Amino acid sequence: MPRVTARDITQMKAKGEKIPMITAYDYTSARLADEAGVPLLLVGDSLGMVVLGYDSTIPVTMEDMVHHLKAVSRGVQKAHIVGDLPFMTYHVDSAQALSNAGRLVQEGGAQSVKLEGGQMMAGTVHRIVECGIPVMGHIGLTPQSANTLGGYRVQGRERKEALQLVKDACALEEAGAYAVVLELVPAPLARIISQQLTIPTIGIGAGPHCDGQVQVLHDMLGLFTDFVPKHTKQYLRLAEEIKGALGRYAQEVKDGSFPTAKESFNMDESIVEGLMEELTVPH
Ligand code: KIV
């Protein structure tokens, strides 16, 4: 089965095809997303929050990313896998960025990498791309910079900020990025940016005019309920379903109704009898 490439993703925009993208962090969910036909999977550093229980993406390490990428890679045959570069693994200089991007591809099995930042990161993006690793940009609300952005708030509502985001997007395209994530950007601005670029925009909380959409798997399945972002559509309420199932399981173990003969294994009755006699086990 041919693997979706970064080039295929860029060409989807030219063909007028919308691009669905979803996060994945483990073998089972990645396999399900791949089988469902989602062409683009992101092993995002959001795993720090929805899988590892941190209150931000800042503590996520390269080791965390490589570990989860490996699991996702084992579950996927067709989808294109993007690996997120975590906080401070690409900021020092282009050499640091290139070496860590290389690890995500070589050790983790990603086919491309994503990093946060616009104009300021253009040189780094250029360097990684010229060494053969496709790069997806990420602008707007960049969670790794939440401390300087004043939290998780919509970006680009004012003229100056909006113009900067347009410049950031153009700089990423110029540097060779094959797509760019727009996070928490007003829909009219996301539309303008999408029209300015040849490469696709992938929105999260950026309205319907983006060329693609990305959601955090645990949010859209209703599995992560610490908070539900406004931009999330819950297609399932898995947390409630799972809690219900676990409650029934615990109850059945306590009252002895699980397991039954159906979930148990048997053996030859004569061997049982022999054992009981030998060991003087009462009937
Ligand atoms: O880490 C992540 O899940 C992301 C998406 C929100 C785009 O970066």
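When a ligand or atom number is given, it counts from 1 through the structure's own listing order. Please read all numbers here as calculations on a predicted model, not as lab measurements.
At a 4.0 Å heavy-atom cut-off, ligand 1 touches Asp45 through backbone and side chain alike. Contacts of Leu42 with ligand 1, taken as heavy-atom pairs under 4.0 Å, involve the side chain alone. Contacts between Asp84 and ligand 1, counted as non-hydrogen atom pairs separated by less than 4.0 Å, involve the side chain only.
For the pair Arg103 and Glu63, the salt-bridge criterion is met [side-chain N within less than 4.0 Å of a carboxylate O]. Salt bridge status for Asp34 with Lys78: absent, with no side-chain N to carboxylate O gap under 4.0 Å.
Near Ile204, with a cut-off below 4.0 Å to any heavy atom, the atoms of ligand 1 are 6 (C).
Ranking the protein heavy atoms by distance from atom 8 (O) of ligand 1 puts Lys114 NZ, 2.9 Å first.
For the side chain to side chain donor-acceptor pair (under 3.5 Å) with Gln119, the qualifying choice from Gln164, Glu174, Lys167 is Gln164, the only one to do so.
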Could you tabulate the donor-acceptor pairs under 3.5 Å formed by side-chain atoms of residues 228-248, not counting sequence neighbours?
from: Gln234; atom 1: OE1; to: Arg237; atom 2: NH1; distance (Å): 2.8

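Considering backbone and side-chain atoms together, Thr23 places no N or O closer than 3.5 Å to any N or O of ligand 1.
Side-chain contact between Leu47 and His218 is absent, with no heavy atoms from C-beta onward closer than 4.5 Å.
Heavy-atom proximity to atom 3 (O) of ligand 1, evaluated over Ser46, Gly203, Pro86, Pro229, is greatest for Ser46.
For the salt bridge (Lys or Arg N to Asp or Glu O under 4.0 Å) condition, the pairs that include at least one residue of residues 144-162, sequence neighbours left out, are Arg153-Glu161.
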